[in-house]
Amino acid sequence: MGLYQRQASRFWWMTYTMNEERYFESTKTTSKELAKRIWKRREGEIAMGLFKVGWPGERIRFGLLCEEFERSHFAGLADNTVKGHRSYLNNLKLFFGDRKLDCITVAMVEAYRDERRQQPSKHNPKQTVKGATVNRELECLKCMLDFATKPRYIAENPASEVKHFNELRERPARRMLSLEEERRILDAAPVYLRVAIILLAQTGGRTYSEGFSLRWSQVDFEGKLIRLTNNVKTPGSAEPIPLSEYACDVLQAWKKEGASKSEYVFPSPVLANRPISTVKTVWKTTLKRAGVPAFPIYNLRHVFCTRLSEVAPDAVVQRAMRHTSPETKRHYQLGMADQVRNAVDKANKRLYGKRAALHFRDSQPPKTEEVKIAVCN
């Protein structure tokens, strides 16, 4: 390394070696003292691995990284996951455009986060994009930039230091569905949604991948099972789903009703050769008509887990939910206030027996006679 001057240039030049290659670069200054400080700083950057000049990140742009990430990362993902990731990539491309990777900084990622949060929602323009949606896009960006650090396109991931939004503030309070509320929802729902609600509440299946996209060929009425394909979330999710007598009877009646004309249990009303793609609007309308506070239809999986936990051991619940770990059950159990109350009452009965309620006034006998004697004396 060193400083030198070129005949055709008025600036001081520096030379340095990195990755066994020698580089020559102008300091862009005529002051030797300032050029020396620039040169010393470059020495420190190279020693700490922070110097990016000459890295592929100078040439590779964000759009090219998206294509490379898609080719290498999407191969082993489920179709719905790929669809979601492509949506994230489209929103990221709108902001970062065709920038070079070494130009993407922490401040730029934070600016994307804040700007995206203020944009109107696609389905409800009166509301802004939810923090949970922005968090998923930030996680996708972080995954992409982690992928870029492996071949040393960039030295570090600027998205790893960006703080995410608190999603718990936006989520509705988790609550258990009572039998009365379930009855009102079934009365207010259209027929196909009524069948789907019973199926989801009786099997704990995931709403779309295991519910509305279900084919009749996957339903085994003799064995009372639903046999899923390998296109599921986890390997354990491919286990057959047992059907209760209630769910089996409802599906058989639904098939006789005429829904069997399509290969799908819940065919699209527009295209019979495709399943229903979404029920968000009709679900929201049904809850409003039934007078039940809004909650996601996916919560029926939580309801199934909570009800089954009341009568079955953990091993059975884990198998029914098709969870890899038994600890996951805790996330799906809702409320369980009745179970806790009954357990406390049982403990009180063992400790105290049949004890009278607490007296809020002095329970000692009145001293009226003693007062009269004192007055006479």
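Worth saying up front: this structure is predicted, and the values here are computed from it rather than measured.
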Query raised in the report: Would you find a donor on one side and an acceptor on the other, under 3.5 Å apart, between the side chain of Gln5 and the backbone of Trp12?
Result: no
Report task. Take atom CD of Glu33 as the centre, draw a 6.0 Å sphere, and report whether it contains more than 12 heavy atoms from other residues, nucleotides or ligands. Result -> no
**Report entry** Working for side-chain hydrogen bond (donor to acceptor under 3.5 Å, both in side chains), residues Tyr88 and Glu139
**Finding:** CA-CA 10 Å; Tyr88 303 153; Glu139 289 166 6; over 6 Å; no
Query raised in the report: Relative to the ring of Tyr112, is the ring of Phe96 parallel (under 30°), tilted (30 to 60°) or perpendicular (over 60°)?
Result: tilted
Query raised in the report: Is the closest side-chain heavy-atom distance between Val250 and Leu199 below 4.5 Å?
Result: no
Query raised in the report: Would you say Leu271 and Tyr192 are hydrophobically clustered, going by side-chain heavy atoms of ILVMFWY under 4.5 Å?
Result: no
Query raised in the report: Sequence neighbours excluded, which residues qualify as side-chain hydrogen bond (donor to acceptor under 3.5 Å, both in side chains) partners of Arg86?
Result: Glu70
**Report entry** Residue Lys280 excluded, over 12 heavy atoms near NZ under 6.0 Å
**Finding:** no
Query raised in the report: Just by modelled atom types, is the Tyr264 backbone N or O under 3.5 Å from a matching donor or acceptor in the Arg215 side chain?
Result: no
Query raised in the report: Does Phe221 CZ have over 12 foreign heavy atoms under 6.0 Å away?
Result: yes
Query raised in the report: For the residue pair Ile276 and Pro269, what are the closest heavy atoms and their distance?
Result: CG1-CD, 4.4 Å
Requested in this report: Without swapping roles, check the side chain of Asn157 against the backbone of Lys142 for a donor-acceptor pair under 3.5 Å.
Outcome: yes
Query raised in the report: Within a radius of less than 6.0 Å around CZ of Arg274, do more than 12 heavy atoms belonging to other residues, nucleotides or ligands occur?
Result: no
Query - Flag side-chain contact, heavy atom, 4.5 Å: Glu68 against Tyr153 - result: yes
**Report entry** hydrophobic_cluster_shared for Val106 and Met144, side chain cutoff 4.5 Å
**Finding:** yes
Query raised in the report: Going only through I, L, V, M, F, W and Y residues with side-chain contacts under 4.5 Å, is there a path from Met14 to Phe11?
Result: no
Requested in this report: List the steps, then state whether side chain to side chain contact (heavy atoms under 4.5 Å, CB included) holds for Glu156 with Thr149.
Outcome: CA-CA 6 Å; Glu156 55 189 0; Thr149 58; 5.7 Å; no
Requested in this report: For the pair Trp283 (side chain) and Ala189 (backbone), establish whether a donor and an acceptor sit closer than 3.5 Å, ignoring hydrogens and angles.
Outcome: no
Query raised in the report: Got a sec: does the CZ of Arg319 have more than 12 other heavy atoms crowding it under 6.0 Å?
Result: yes
Query raised in the report: Are Val191 and Val219 connected, step by step, through hydrophobic side chains (Ile, Leu, Val, Met, Phe, Trp, Tyr) whose heavy atoms are closer than 4.5 Å?
Result: yes
Report task. Determine, for Asp187 against Arg183, whether the closest basic-nitrogen to carboxylate-oxygen distance falls under 4.0 angstrom. Result -> yes
Requested in this report: Would you confirm whether the ring centroid of Phe212 sits within less than 6.0 angstrom of the ring centroid of Phe266?
Outcome: yes
Report summary line: d(Ser213 OG, Arg206 CZ) to nearest 0.5 Å is 11.5 Å
Requested in this report: Flag this pair as yes if the NZ/CZ of Arg116 is under 6.0 angstrom from the six-membered ring centre of Phe95 and inside a 45 degree cone about the axis; otherwise no.
Outcome: no
Report task. Specify whether Tyr4 and Trp13 have parallel, tilted or perpendicular ring planes, treating 30° as the upper limit for parallel and 60° as the lower limit for perpendicular. Result -> tilted
**Report entry** Test of ring centre spacing under 6.0 Å for His73 and Phe147
**Finding:** no
Query raised in the report: Quick one: do Leu225 and Leu308 end up in the same hydrophobic cluster if we chain Ile, Leu, Val, Met, Phe, Trp and Tyr together by side-chain heavy atoms under 4.5 Å apart?
Result: no
